[in-house]
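Keep in mind that the numbers below use all heavy atoms, side chains included, and drop hydrogens, waters and symmetry copies. Note that this is a predicted model, so its numbers are computed, not measured. Residue indices begin at 1 and follow the sequence shown.
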Amino acid sequence: MDQDGSRASMTFIGNATTVLRLGDFTLLTDPNFVSAGSRVHLGYGMWTRRLLDPACSVAELPPLDAVLLSHFHGDHWDRVATAEVAKTTPIVTTREAQRKLRRRKFEDVLGLPTWESHELSRGSQRLRVTSVPGRHGPGLMDRLLPDVMGSVVELEEDGRCRLRLYITGDTLYRPFLEEVPRRCGEIDAMIIHLGGTKIMGMLLTMDDKQGVATTELIRPRLTIPIHNDDYVVQKLPLSAFLRRAGEHGLTGIQPITRGNSLELPLR
């Protein structure tokens, strides 16, 4: 909590699922609530199995202002989310996921084109979500995978930016990621999706090398690595990223275990 009484925190549920309490707003990211041992569909006949249980159920979540969904993949939006997330919950996501969620009877879904923003307001606070670029796979493989977006979430209070949070989504490292801080401004905290996910030998999420390169490119004050050990296809242990980050002299990296929370740095 800062001197003005505002606060910002992240609670890690598992995989890419987090609860973000940002000032007076509460967001849920990438709801994935199937239990350990369950299989989720990755498209084109491909499946993967969950290894670890989420830290809570949908019913145990706090009241939500919105869901922030990076892309429509079985380990980011699953059958439990479809069945148990209230159909009236506002959802901010890609245009592709918007179409799929509307077919599942979700009533308030906004598909954001890249670099467009959506705002929530409450009293003197404003929360702005901006869609930023991501690429899930190499070359032509990316066209076979769901469209993915990163998100920059900004908390403003009395017209002043208190926090700028970047959530990478399931992107690979690419030079175009440098546009995120250039266009949005200095990043206070970054939630980075790692895991070194491989399917048919192809890297589909950042490994230790790409994670370090992205952290060096973005230069956040705080980096929180997630999305690394929930599924069979995630091949990279978190220790590999932490070791390489240490070798590169990176600071401000804070691992988090499921069910735990940490404070995000307010300005």
Side-chain angles (χ1 to χ4, degrees), residues 13-18 27-34 38-50 54 66-83 85 89-106 108-116 118 129-153 166-174 176-177 180 191-207 210 214 226-228 230-235:
I13 308 302
N15 203 42
T17 308
T18 71
L27 301 182
L28 175 69
T29 67
D30 291 4
N32 179 206
F33 288 95
V34 295
S38 299
R39 294 200 310 165
V40 299
H41 187 222
L42 300 179
Y44 301 97
M46 296 182 292
W47 298 80
T48 187
R49 179 170 54 87
R50 188 162 197 170
V67 171
L68 184 54
L69 175 63
S70 63
H71 65 303
F72 199 84
H73 233 166
D75 60 329
H76 291 256
W77 183 284
D78 59 25
R79 55 188 175 271
V80 176
T82 296
V85 172
T89 305
I91 302 170
V92 181
T93 187
T94 65
R95 291 169 128 182
E96 179 185 56
Q98 176 189 47
R99 294 191 293 270
K100 293 183 177 181
L101 288 168
R102 285 182 173 173
R103 287 200 294 268
R104 288 160 175 79
K105 309 302 183 184
F106 286 88
D108 189 1
V109 188
L110 176 63
L112 276 183
T114 303
W115 299 119
E116 290 199 6
H118 175 66
V129 177
T130 301
S131 171
V132 300
R135 181 166 294 174
H136 205 336
L140 294 176
M141 183 64 178
D142 188 57
R143 299 184 183 180
L144 301 177
L145 293 165
D147 292 340
V148 63
M149 73 177 195
S151 302
V152 172
V153 184
Y166 172 38
I167 307 169
T168 66
D170 281 12
T171 187
L172 297 175
Y173 168 81
R174 292 293 184 268
F176 62 67
L177 295 181
V180 174
I191 298 174
I192 186 169
H193 292 196
L194 296 174
T197 303
K198 285 188 176 181
I199 296 179
M200 297 184 293
M202 286 179 285
L203 188 68
L204 303 183
T205 64
M206 287 186 275
D207 59 10
Q210 292 199 9
T214 298
I226 63 170
H227 190 274
N228 59 72
D230 274 80
Y231 284 91
V232 172
V233 291
Q234 294 167 336
K235 304 298 184 182

### Message
Please find the pair of heavy atoms, one from Q210 and one from Y173, that lie closest to each other, and give the distance.
### Response
OE1-N, 2.7 Å
### Summary
Here the gap from L203 atom CG to K198 atom NZ, rounded to the nearest 0.5 Å, amounts to 6.5 Å
### Summary
Output for pair (L27 CG, I167 CD1), nearest 0.5 Å, gives 7.5 Å
### Message
Please determine whether the number of non-hydrogen atoms from other residues, nucleotides or ligands lying under 6.0 Å from atom CZ of R174 exceeds 12.
### Response
yes
### Query
Taking side chain as C-beta onward, heavy atoms only, is D30 less than 4.5 Å from N15?
no
### Query
Measuring from T214:OG1 to Y166:OH, what's the distance to the nearest 0.5 Å?
7.0 Å
### Query
Hey, what do you get for CG (L28) to CD1 (I91), rounding to the nearest 0.5 Å?
9.5 Å
### Query
Counting N and O atoms only, with roles assigned by atom type, does the side chain of H136 sit under 3.5 Å from a partner on the main chain of L204, one being a donor and the other an acceptor?
yes
### Task
For M206 and T168, work out which heavy atoms get closest and say how close.
CE-OG1, 4.1 Å
### Query
Without hydrogens or angle criteria, can the side chains of N32 and D78 be said to hold a donor-acceptor pair below 3.5 Å?
yes
### Summary
Nearest heavy-atom approach of I226 to I191 is CD1-CG2, 3.4 Å
### Query
Among side-chain atoms of H76 and D170, is any donor-acceptor pair under 3.5 angstrom?
yes
### Query
Of all heavy-atom pairs between P31 and A81, which one has the smallest distance, and what is that distance?
O-CB, 3.8 Å
### Message
Counting C-beta onward and ignoring hydrogens, is there a side-chain heavy-atom pair between L42 and D75 closer than 4.5 Å?
### Response
yes
### Side chain to side chain, R95 and D147, heavy atoms closer than 4.5 Å
no
### Message
Distance check, rounded to the nearest 0.5 Å: R104 atom CZ versus R79 atom CZ?
### Response
12.5 Å
### Message
Taking side chain to side chain donor-acceptor pair (under 3.5 Å) as the criterion, tell me which of T82, T17, T93 meets it with W77.
### Response
T82
### Query
Does any N or O in the side chain of T205 come within less than 3.5 Å of the main-chain N or O of T197, such that one atom is a donor and the other an acceptor?
yes
### Task
Determine yes or no for a side-chain-to-main-chain donor-acceptor pair under 3.5 angstrom, with R50 supplying the side chain and V40 the backbone.
no
### Query
Do F33 and V85 have side-chain heavy atoms sitting under 4.5 Å apart?
no
### Task
Could you pull out the closest heavy-atom pair between N228 and Q234, with the gap in Å?
C-OE1, 3.5 Å
### Message
Quick check: do T94 and V148 have side-chain heavy atoms less than 4.5 Å from each other?
### Response
no
### Task
Identify the two heavy atoms, one from P146 and one from E96, that lie closest to each other, and give their separation to 0.1 Å.
CA-OE1, 3.2 Å
### Task
On the 0 to 90° scale, with breaks at 30° and 60°, tag the H227-H193 ring pair as parallel, tilted or perpendicular.
parallel
### Query
To the nearest 0.5 Å, how far apart are CG in L68 and CG in L110?
11.0 Å
